[in-house]
Participant: 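Please read through the structure below; I'll follow up with questions.
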Number of protein chains: 2
Amino acid sequence: MSRGSETRDRIMDVAQDAILAKGFDATSIEEIVANAEITKSGFFYHFKDKNALAHALIERHIVIEDEIFDDLEARAKELSDDPLQRMLIGLKLLAELLDDIPDGHPGCIVATAAYQDRLFDKDVREANLRAVLGWRQRFKRQFEEIAKLYPPKEDVDLAALADMVSSTVEGGLVMSRALNNPAITSEQVMLLRSYVKLLFAPRMH
Amino acid sequence: MSRGSETRDRIMDVAQDAILAKGFDATSIEEIVANAEITKSGFFYHFKDKNALAHALIERHIVIEDEIFDDLEARAKELSDDPLQRMLIGLKLLAELLDDIPDGHPGCIVATAAYQDRLFDKDVREANLRAVLGWRQRFKRQFEEIAKLYPPKEDVDLAALADMVSSTVEGGLVMSRALNNPAITSEQVMLLRSYVKLLFAPRMH
DNA sequence: GGCAGTACTGTACCCGTGGTACAGTTTTTG
DNA sequence: CAAAAACTGTACCACGGGTACAGTACTGCC
């Protein structure tokens, strides 16, 4: 990796920390450059404006988030052959992961972008859209596999159910911020898990 | 109502429309005063700063939201005596309401405040917290009534379940913004309804 | 009718932040 | 060693939040 890329990454790391802690607007460029030990000119050498920074952060975030989900899926795959069990294990692991992350949760950036929509340009919104659609596809595929083996007890749209995973995390993050209680998000994921169980698991007596 | 209150309300109406459409930061005071047909000095006569505006909007919002929920509960009560049926009816009505609202959804303001947390002062955050805790109490009470009659099929914390109502709406709003699809929110509420049904409804063959 | 509030208007100004312009300097690389 | 990449430094502009304060127009009340 060249020197330029290192500096770029450092700027992004510093910016991400600040944005997760305070929000995009509340994070000034001056503050970023101070913490990244660079000058304002240096910042604008790497990013043409603040939008470009947001765009780069979201793109990077999509990759990391995808890796996390790949990892969760792989670990669940090791533990069970059954797609329903794998989903239940995956959701448990996700809940644990959300509990372990000390302060800044992943996923926030997407919601921040979604909520301050008009603040960002087309590029940023499109990247955001791509991320959310990617997650939908991922979970939809998993739910389709489950539904093949276990007919759902209610008539649900599997795409909407797939969105429910993202929606639960995002909603949980909003609530945990509002209630100032980081445990909320994993709690909500565990409720989603309970729903998936009731929806697909065969009745046992 | 005095002349002053009318102007104050007009400022708040104009501000709310703009904030729901573009976010708090993206809405400038200059823009608000132009649309409210008042001067900047007039604005600062009614609100000491932008924070005071946010605070007033959230306070007003809590009252309106409460009225909406009261109304939904009352309408559900007319249609059934059974607490579970009432909850299912209430959630259906909520989904319909979220579908009918053309563009700016209610509930946004709370999430906006939650997500741009550090932008607001203590007063605003406390008002926000009060709102969310109020909703938790409301739904918790309803779920407790249900659980008395219908033992839940999974061991769930009823407070967390109560939070799931708010969380679903907030998550749905984030997703609907990210996907640019207003139907998402009501979809998610209907999935929550399906969960409540599976969780409490007795098994019928 | 007059007078004290209340509800503003108008002007002028300060500061922080995003962003531009551009010349000069250092570092890396072929 | 030269060119390109990666910066630094300085100076500057526009916009938005916010202050200060003097003046003006309604409004209710004795």
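Each chain gets a letter, A, B and so on, in the order the sequences are listed, and its residues count up from 1.
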Participant: Is the CD atom of B:Glu59 crowded by more than 12 outside heavy atoms at less than 6.0 Å?
Facilitator: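 Check passes, neighbour count above 12.
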
Participant: What is the distance from CZ of A:Phe43 to C1' of D:dG9, rounded to the nearest Å?
Facilitator: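 It is 18 Å, rounded to the nearest whole Å.
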
Participant: Under a 4.0 Å threshold between the charged nitrogen and the carboxylate oxygen, would B:Glu144 count as salt-bridged to B:Lys140?
Facilitator: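 Yes, B:Lys140 and B:Glu144 are salt-bridged.
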
Participant: Does C:dA7 have OP1 or OP2 sitting under 4.0 Å from an N or O in the side chain of B:Thr7?
Facilitator: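 So the side chain of B:Thr7 is outside the cut-off, no N or O lying under 4.0 Å from OP1 or OP2 of C:dA7.
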
Participant: Grab the CD1-C1' distance between B:Ile32 and D:dG16 for me, whole Å please.
Facilitator: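 One finds 12 Å between C1' of D:dG16 and CD1 of B:Ile32, rounded.
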
Participant: B:Glu37 has an atom CD; how far is it from atom C1' of C:dC8, in whole Å?
Facilitator: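 Roughly 15 Å, once rounded to whole Å.
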
Participant: Please tell me if B:His46 has a side-chain N or O lying less than 4.0 Å from either OP1 or OP2 of C:dA7.
Facilitator: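 The answer is no; no side-chain N or O of B:His46 sits under 4.0 Å from OP1 or OP2.
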
Participant: Which part of the nucleic acid does A:Ser41 contact within heavy-atom distance under 4.0 Å: base, sugar-phosphate only, or nothing?
Facilitator: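 Base contact.
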
Participant: Expressed in angstrom and rounded to an integer, what is the separation of A:Arg8 atom CZ from C:dT28 atom P?
Facilitator: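 Value for this atom pair: 19 Å.
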
Participant: Measuring centre to centre across the rings, with the benzene-like ring taken for any Trp, is B:Phe200 within less than 6.0 Å of B:Tyr150?
Facilitator: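 No: the rings miss the under 6.0 Å criterion.
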
Participant: With the side chain of B:Thr39 defined as its heavy atoms from C-beta on, choose the nearest nucleotide among C:dT9, D:dG18, C:dG18.
Facilitator: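 Closest of the options to the side chain of B:Thr39: C:dT9.
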
Participant: Using the side-chain heavy atoms of A:Lys40, tell me which of these nucleotides is nearest: C:dG18, D:dG17, D:dG9.
Facilitator: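 Looking only at side-chain atoms, A:Lys40 lies closest to C:dG18.
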
Participant: Would B:Arg141 and B:Glu73 count as a salt bridge (charged side-chain N to carboxylate O under 4.0 Å, His left out) if you check the C-alpha gap in whole Å, the side-chain angles of each, and the deciding distance to 0.1 Å?
Facilitator: CA-CA 12 Å; B:Arg141 178 176 42 75; B:Glu73 247 187 287; 3.5 Å; yes

Participant: Provide, to the nearest angstrom, the distance between the NZ atom belonging to B:Lys50 and the C1' atom belonging to C:dC15.
Facilitator: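 That distance rounds to 16 Å.
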
Participant: Just the rounded figure in Å: distance from C1' of D:dG17 to CG of B:Asp49.
Facilitator: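 For the pair B:Asp49 CG and D:dG17 C1', the rounded distance is 9 Å.
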
Participant: Rounded to whole Å, how long is the line connecting atom CD1 of A:Ile38 with atom C1' of D:dG9?
Facilitator: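 Value for this atom pair: 14 Å.
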
Participant: For D:dA6, does either OP1 or OP2 sit under 4.0 Å from a side-chain N or O belonging to A:Tyr45?
Facilitator: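 Yes.
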
Participant: May I have the distance from A:Asp25 (atom CG) to C:dG19 (atom P), rounded to whole angstrom?
Facilitator: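 Interatomic distance, CG of A:Asp25 to P of C:dG19: 11 Å.
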
Participant: May I ask you to say whether B:Asp25 pairs ionically with B:Lys50, meaning some side-chain N is under 4.0 Å from a carboxylate O?
Facilitator: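 Looking at B:Asp25 and B:Lys50, the cut-off is not met.
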
